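Convention: sequence-line order gives letters A, B, ...; per-chain numbering from 1. Basis for what follows: all heavy atoms, side chains included, without hydrogens, waters or symmetry-related copies. For clarity, every value in this text was computed on a predicted model and none was experimentally measured.
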Amino acid sequence: MEKARLCFITGGVRSGKSRFAERKALEYALLTEGNLHYLACGRVSDAEMGERILRHQKDRQTSPIAWQTSEYATDITRVGAKVDSNSIILLDCLTTLLDNELFGSGLPLEANFLHSIQAKIIGAIDELRQQSGCLIIVSNEVAQEPIFQKQLLHIYGRMLGTIHQTIVGEADEAYLVESGIPLKMKG
Amino acid sequence: MHFVTGGAYNGKSNWVKRFYDLESGVLWLSGYQQDEPQRIDFQGKTVVWQGLDGWIQEDAKKMAADAIREKWQEIIAGWRIWEKERNDHRFIVIGSDLSKGIVPMEATNRRWRDACGWVYQDVASLSSRVDIIWYGINQRIK
């Protein structure tokens with residue numbers, strides 16, 4: 001079976017990447033007469049986070065095509081039961097998903113566990129692409145700052161970087177959003 | 001000289017291997033694993049420095065940032081002589097960009113970051129080609 005179109009969007013905090021991703025999803029939905037599915041990975045951890053999620057929800061309410069929302073902090077393949085080959089899935093965001101998968105279980109961050117999480121996320125993306133029409137993934141840029149061996153930041157940065165490389169390698173389109181301006185890197 | 005930079009874990013080394021189709025005749029020196037590059041009489045065609053930031057991190061423990069810069073200007077000048085000995089000699093330098101975070105707390109780490117920035121400017125100005133790698137995709141900026 002043919003895999004869904006894959007679009008990767010990254011950028012810094014508050015760069016406007018989520019908004020751009022929503023616009024992109026809508027464009028694609030109008031083009032293909034598809035349905036929009038928002039896959040939220042964030043947990044409401046404090047008031048600010050709640051406010052941020054509400055603002056994005058409000059944005060989606062004004063969309064000419066209605067969004068269906070699913071919230072899965074981990075195991076995102078669960079959304080597969082709700083989508084079809086006309087669905088445009090917007091996954092927001094990969095870094096939160098990685099956080100949840102890595103730190104949610106409380107397991108020690110040993111090599112085997114890290115590899116299994118990486119394989120799980122890549123596998124989930126693959127699976128969702130076989131069940132939908134288009135998958136748009138939003139993520140955060142890896143910090144470009146001194147990283148020290150054996151530190152958590154090192155483990156985390158390497159994992160996220162590797163996952164990003166795999167996704168960009170397979171993506172039909174990839175964007176880096178800077179201050180609200182999307183830079184097309186691939187496609 | 002060809003300078004390849006970009007954030008850590010963006011696939012810079014893999015890109016270099018792919019771009020140049022590197023297999024044999026390569027002297028691959030890693031700043032994360034080896035002592036700094038001594039000038040040797042290398043008979044192959046391609047020299048790659050991977051992780052210039054790694055060597056500079058060691059220097060920053062004991063030297064001032066401007067002294068580090070001068071030291072690397074000299075080392076690079078030596079390897080540029082090797083590069084120019086023959087038309088098919090290639091000198092490729094890979095360094096992770098450390099310049100886009102908050103100012104580090106520790107003086108050593110500030111020195112490391114400062115020295116990296118300066119040495120990278122020198123490397124870039126001497127290079128005929130500079131690429132930034134973003135998750136395996138290159139953007140040529142020189």
Side-chain angles (χ1 to χ4, degrees), chain A residues 6-15 17 94-95 98 114-115 118 121-122 125 137-179 181-187, chain B residues 4-19 30-33 51-61 65 68 94-117 119-120 131-141:
Chain A
L6 181 63
C7 176
F8 179 71
I9 298 168
T10 179
V13 175
R14 302 279 193 212
S15 59
K17 56 191 187 303
L94 184 68
T95 38
L98 181 59
L114 297 174
H115 280 132
Q118 196 166 310
I121 291 175
I122 298 293
I125 289 168
I137 299 174
V138 175
S139 193
N140 269 89
E141 276 295 273
V142 183
Q144 293 181 4
E145 58 189 333
I147 290 177
F148 310 102
Q149 295 288 327
K150 293 189 182 117
Q151 270 192 357
L152 196 58
L153 192 63
H154 175 77
I155 295 173
Y156 185 80
R158 191 179 54 207
M159 268 193 90
L160 190 60
T162 311
I163 295 173
H164 282 179
Q165 283 180 54
T166 308
I167 296 173
V168 170
E170 291 182 17
D172 299 286
E173 288 172 89
Y175 295 88
L176 170 63
V177 182
E178 297 271 21
S179 306
I181 300 167
L183 305 171
K184 194 172 214 174
M185 308 296 279
K186 184 180 180 182
Chain B
V4 178
T5 187
Y9 318 117
N10 269 259
K12 297 184 290 298
S13 295
N14 278 337
W15 182 82
V16 166
K17 284 177 197 160
R18 264 202 328 271
F19 184 76
S30 171
Y32 306 127
Q33 282 158 15
L52 178 54
D53 46 295
W55 286 310
I56 295 174
Q57 184 178 17
E58 286 305 305
D59 291 338
K61 291 175 185 165
I68 297 172
I94 307 171
S96 282
D97 184 2
L98 312 177
S99 68
K100 293 177 179 114
I102 50 172
V103 179
M105 295 280 282
E106 253 188 283
T108 310
N109 293 332
R110 284 200 298 276
R111 257 200 320 270
W112 175 27
R113 201 173 72 146
D114 289 347
C116 261
V119 174
Y120 287 7
D131 284 271
I132 298 177
I133 308 300
W134 184 81
Y135 309 123
I137 293 174
N138 72 303
Q139 185 182 19
R140 186 173 181 173
I141 60 167

### Query
Do the side chains of B/Trp134 and A/Gln165 get nearer than 4.5 Å, heavy atoms only?
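No, their side chains stay 4.5 Å or more apart.
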
Beyond-backbone contact of A/Glu141 with B/Tyr135, side-chain heavy atoms, under 4.5 angstrom =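 Contact flag for A/Glu141/B/Tyr135 side chains = yes.
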
Nearest-0.5 Å distance that lies between atom CG in A/Leu183 and atom CD in B/Gln139:
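Atom-to-atom, A/Leu183:CG and B/Gln139:CD are 8.0 Å apart.
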
Is A/Thr10 close to chain B through its backbone or its side chain, or both, or neither, when contacts mean heavy atoms under 4.5 Å?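 Just its side chain gets close to chain B.
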
